[in-house]
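Nothing here was measured: the structure is a model prediction, and the numbers come from that model.
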Amino acid sequence: MLEKNEESSHMRALILVGGYGTRLRPLTLSRPKPLVEFANKPMLLHQIEALVEINVTEVILAVSYRAEEMERELCQQAEKLGVKLIFSHELIPLGTAGPLALASKLLKPGNNPFFVLNSDIICEFPFKQLLQFHKSHGKEGTIVVTKVEEPSKYGVVVCSRDGQVLNFIEKPVEFVSNKINAGMYILNPSVLERVQLRPMSIEKEIFPVMARECELYAMELSGFWMDVGQPKDFLTGQALQIYIC
């Protein structure tokens, strides 16, 4: 665990939990997706616990669907962990960048970098290494990337040898990279000036611009990674839960 100090004691994270979880039906008919049990606990709790390990003290949940149910169940867990949960309510779905604009007043104080996570990602969360790598290159943002066997099914990330993001290519026909966006980022507060309070995609509208301006780096994830919002990964992960718990 990192030493508590002036810099790390006010770290924040924003988790995108606004989706309907349609891919995991019927599990999500009775519970919002972030509360669906994965490896014996709500999937969102894996992320919150990992953030607490590096002294994140405030976690903002960008919610738009069944928010009251999440608030009832998660606040008690957060109190036990010693982390403050803040619910940022979207009146309309704002995509993956709009929620940053909505929560900008919560993310700016202290001028520290903050984490942004997709809620259905499970991995060996490398938050300590991500923070160190982000500070080492000194640019506006860092994304985590992971290697996949069939990159043609995804949008891939093209990087230089030192990790600078050069380009994003959607479902390439020819091999250019086998690295994809893993749904975890650390961003400087200056990125908030790039987002607008409207439905907006951070992957399509913000990151490509940052890459062109040489303000975005990528850190490769080692170990397992899965998108448990997909039935295939969810079932695979349940079989591997002895390694995840």
Apply side chain to side chain contact (heavy atoms under 4.5 Å, CB included) to V156 and N178, showing your working.
CA-CA 7 Å; V156 300; N178 61 352; over 6 Å; no
Would you please test E49 and K80 for salt bridge (Lys or Arg N to Asp or Glu O under 4.0 Å) and show each step?
CA-CA 11 Å; E49 288 177 345; K80 292 178 183 176; over 6 Å; no
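Residues L117 and L94 are members of separate hydrophobic clusters, defined by side-chain heavy-atom contacts under 4.5 angstrom among Ile, Leu, Val, Met, Phe, Trp and Tyr. Residues V116 and I86 fall within the same hydrophobic cluster, defined by Ile, Leu, Val, Met, Phe, Trp and Tyr side chains chained together at heavy-atom separations under 4.5 Å. Under the 4.5 Å side-chain contact rule for hydrophobic residues, L102 and I206 do not share a cluster.
Note that CD1 of I15 is 4.5 Å distant from CG of L44, once rounded to the nearest 0.5 Å. Between the CZ atom in F168 and the NZ atom in K179 there is a gap of 12.5 Å [rounded to 0.5 Å].
For the pair N188 and H134, the tightest heavy-atom approach, listed with the atom from each and the gap, is OD1-NE2, 2.7 Å. Shown here for P93 and P199, the closest heavy-atom pair between the two residues is O-CG, 3.6 Å. The nearest pair of heavy atoms linking S177 to V158 is CB-CG2, 4.3 Å. In terms of heavy-atom proximity, A62 sits nearest to E90 at CB-OE2, 3.6 Å. The two atoms that bring E203 and T96 nearest to each other are OE1-OG1, 2.7 Å, heavy atoms only. Closest approach of I48 to V83, counting heavy atoms only: CG2-CG1, 4.0 Å.
For the pair L100 and F114, the minimum side-chain heavy-atom distance is below 4.5 Å. Looking at E205 and V209, their side chains never come closer than 4.5 Å, going by heavy atoms from C-beta outward. Side-chain contact between L131 and T142 is absent, with no heavy-atom pair separated by less than 4.5 Å. Using a 4.5 Å heavy-atom threshold, the side chains of P126 and L221 count as touching. Side-chain contact between I143 and F207 is present, with at least one heavy-atom pair separated by less than 4.5 Å. The closest side-chain heavy-atom distance from I186 to M219 is not below 4.5 Å. Residues C159 and E220 fail the side-chain proximity criterion, which asks for heavy atoms closer than 4.5 Å. At least one side-chain heavy atom of I54 sits less than 4.5 Å from a side-chain heavy atom of F115.
The closest donor-acceptor contact from the side chain of Q47 to the backbone of I121 lies under 3.5 Å. With R12 contributing its side chain and I60 its backbone, the two residues share no donor-acceptor pair below 3.5 Å.
Heavy atoms from other residues, nucleotides or ligands lying under 6.0 Å from CD of E213 number more than 12.
Residues satisfying the side-chain hydrogen bond (donor to acceptor under 3.5 Å, both in side chains) criterion with E140, sequence neighbours excluded, are S190, R194. Checked against side-chain hydrogen bond (donor to acceptor under 3.5 Å, both in side chains), Q129 has no partners two or more places apart in sequence or in another chain.
Under the side-chain contact (heavy atoms from CB on, under 4.5 Å) rule, S119 has a single partner from V63, L61, V17, which is V17.
The aromatic rings of H137 and Y217 sit parallel, their planes meeting at an angle under 30°, below the 60° perpendicular limit.
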